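Everything on this sheet refers to the single structure shown next.
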Amino acid sequence: MTEENGSTRSEPEPIVVPFIPGDGVGPEIMAATRRILDHSLEKATVGAVEIRWHEVLAGEKAYKTTGSWLPDDTLREISEKGLAIKGPLTTPVGGGIRSLNVQLRQSLDLYASVRPVRYFPGVPSPVKSPERLDVVIFRENTEDVYKGIEWKRGSDEALGMMEYLRSELGVDLSADCGIGLKPISETATKRIARAALKFAVRKGKPVVTIVHKGNIMKYTEGAFKEWAYELARDEFSEHVMFEDSASKEEASSSGKILVNDRIADNMFQQVLTRPDEYSVLVTPNLNGDYLADACAAQVGGLGVAPGANIGDRVAVFEPVHGTAPKYAGRNTANPTALILSGAMMLEHLGLITASRMVEDAVARTLSHGVMTEDLARRSGRQDSVSTSGFADTVINNLA
Ligand code: NAP
């Protein structure tokens with residue numbers, strides 16, 4: 001962590017940050033983001049702290065240069081520095097190559113997908129009061145469907161598994177089934193719940209909600225709920241109260257966090273009907289995947305949705321959206337999601353003033369109606385700014 005006591009320092013202290021520009025629109029939004037982060041640091045620390053950017057390769061550029069989509073050097077460098085910021089990566093089609101993003105998260109054990117979702121005035125939204133939603137989603141990033149245990153219909157493995165299920169457990173499956181397994185462990189559940197609760201304590205968040213489908217899948221989703229509650233009781237007893245014995249108001253007046261749980265389908269309704277009753281959501285992988293995009297849609301969509309994948313030693317910051325290939329090279333893509341991911345990175349580095357400065361400048365820019373083509377189109381406006389033009393305005397709005 002770096003202290004933001006810039007005025008006492010004479011020599012700049014460079015922080016080496018590995019960055020992956022990414023594919024598609026990645027290089028354009030990364031260039032915009034780096035410029036903004038550099039300016040914010042210059043302003044917030046009076047030049048005492050600066051980032052030394054170090055490009056590391058992944059995706060199409062890595063493949064063309066090294067023959068590998070995700071070179072070992074890249075993983076080593078990110079692991080050594082403990083962080084990175086990345087643009088979106090194309091998932092190579094065919095050849096049995098798994099998503100580079102999933103590989104990156106698994107190789108570096110980035111077990112917490114962290115997605116803050118809040119509204120910036122000026123952004124077009126499909127709901128009436130988007131400002132009522134302000135949540136941070138902690139989604140488990142290593143198990144559940146991300147474990148990737150699947151067997152194709154008719155394969156030896158699927159048929160063998162069916163035979164085992166039939167002969168040993170008396171479970172009959174139709175012969176034309178593909179089969180997938182959904183493992184959820186106590187260890188992985190407790191570490192994501194711990195990360196969510198620690199965050200809630202640090203940020204003074206009033207509610208942590210465990211989102212699960214435990215009414216149907218008792219030993220995976222149901223166990224996720226039980227283990228998360230157990231963790232809250234065992235490790236956070238001085239900070240939490242539970243919904244079965246306290247209301248949100250009672251917890252808040254005692255200076256405690258209310259811990260509750262919601263079944264996943266109800267949670268989708270709640271974020272629309274009672275968005276302001278929630279603040280931190282902790283979920284297994286698949287629920288979180290759906291929920292994070294649905295929440296992002298409420299506040300303006302993927303173009304403005306930042307994210308981070310965080311482990312105990314390493315954190316990688318990235319936008320939620322993909323490579324948006326049809327906009328690549330046109331200087332029209334929306335860089336907001338990556339800029340806000342960059343603000344999360346500054347906060348992670350302890351550079352709180354610079355981080356707030358970036359978020360405030362983005363908020364100011366959007367509230368003045370300065371927006372890229374994607375948002376302008378949805379607002380029914382003809383005027384829009386380019387990717388680099390948006391970055392210029394954000395830089396002018398840093399204060
Ligand atoms: P996508 O790249 O997110 O794009 C889907 C649509 O979202 C775009 O066509 C565009 O909508 C809009 N959009 C996304 N980002 C935007 C931005 N910055 N500015 C303006 N509009 C933006 O999703 P995809 O088409 O499903 O995936 C494309 C590739 O990205 C795939 O190879 C996928 O595997 C990869 N991907 C990577 C990541 C990652 O690296 N973390 C995440 C997701 C997907 P309109 O067409 O309506 O204008």
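Note that the coordinates shown come from a computational prediction; the quantities given were computed from them, not determined experimentally. All residue numbers in this chain count up from 1 along the given sequence. First listed ligand is number 1; within each ligand, the first listed atom is number 1.
- Residues Val385 and Met371 are not in side-chain contact: their nearest non-hydrogen atoms beyond the backbone lie 4.5 Å or more apart.
- Shown here, atom 12 (C) of ligand 1 is out of close reach of the protein: none of its heavy atoms lies under 4.0 Å off.
- Through direct or indirect side-chain contacts shorter than 4.5 Å among Ile, Leu, Val, Met, Phe, Trp and Tyr, Met241 is connected to no other residue.
- Contacts of Asn334 with ligand 1, taken as heavy-atom pairs under 4.0 Å, involve both backbone and side chain.
- The protein reaches atom 46 (O) of ligand 1 closely, with a heavy atom under 4.0 angstrom from it.
- Those atoms of ligand 1 with a heavy atom of Ala333 less than 4.0 angstrom away are 19 (N).
- Within 4.0 Å of atom 18 (N) of ligand 1, at least one protein heavy atom is present.
- Taking every heavy atom of Lys86 and a limit of under 4.0 angstrom, the matching atoms of ligand 1 come to 40 (O), 41 (N).
- Residue Arg377 touches ligand 1 through its side chain alone, judged by heavy-atom distances below 4.0 Å.
- Residue-ligand proximity, Val320 to ligand 1, at heavy-atom distances under 4.0 Å covers atoms 42 (C).
- Listed by number with element, the atoms of ligand 1 under 4.0 angstrom from any heavy atom of Thr91 are 32 (O), 34 (O).
- For atom 26 (O) of ligand 1, no protein non-hydrogen atom is found at a distance below 4.0 Å.
- Residues that satisfy the side chain to side chain donor-acceptor pair (under 3.5 Å) test with Arg105, not counting sequence neighbours, are Tyr146, Glu318.
- Atom 3 (O) of ligand 1 is approached by the protein to below 4.0 angstrom, counting heavy atoms only.
- Arg262 and Tyr278 form a side-chain donor-acceptor contact under 3.5 Å, judged by distance and modelled atom types alone.
- Annotation for ligand 1: atoms under 4.0 Å from non-hydrogen atoms of Leu89 are 35 (C), 36 (N), 37 (C), 39 (C), 40 (O).
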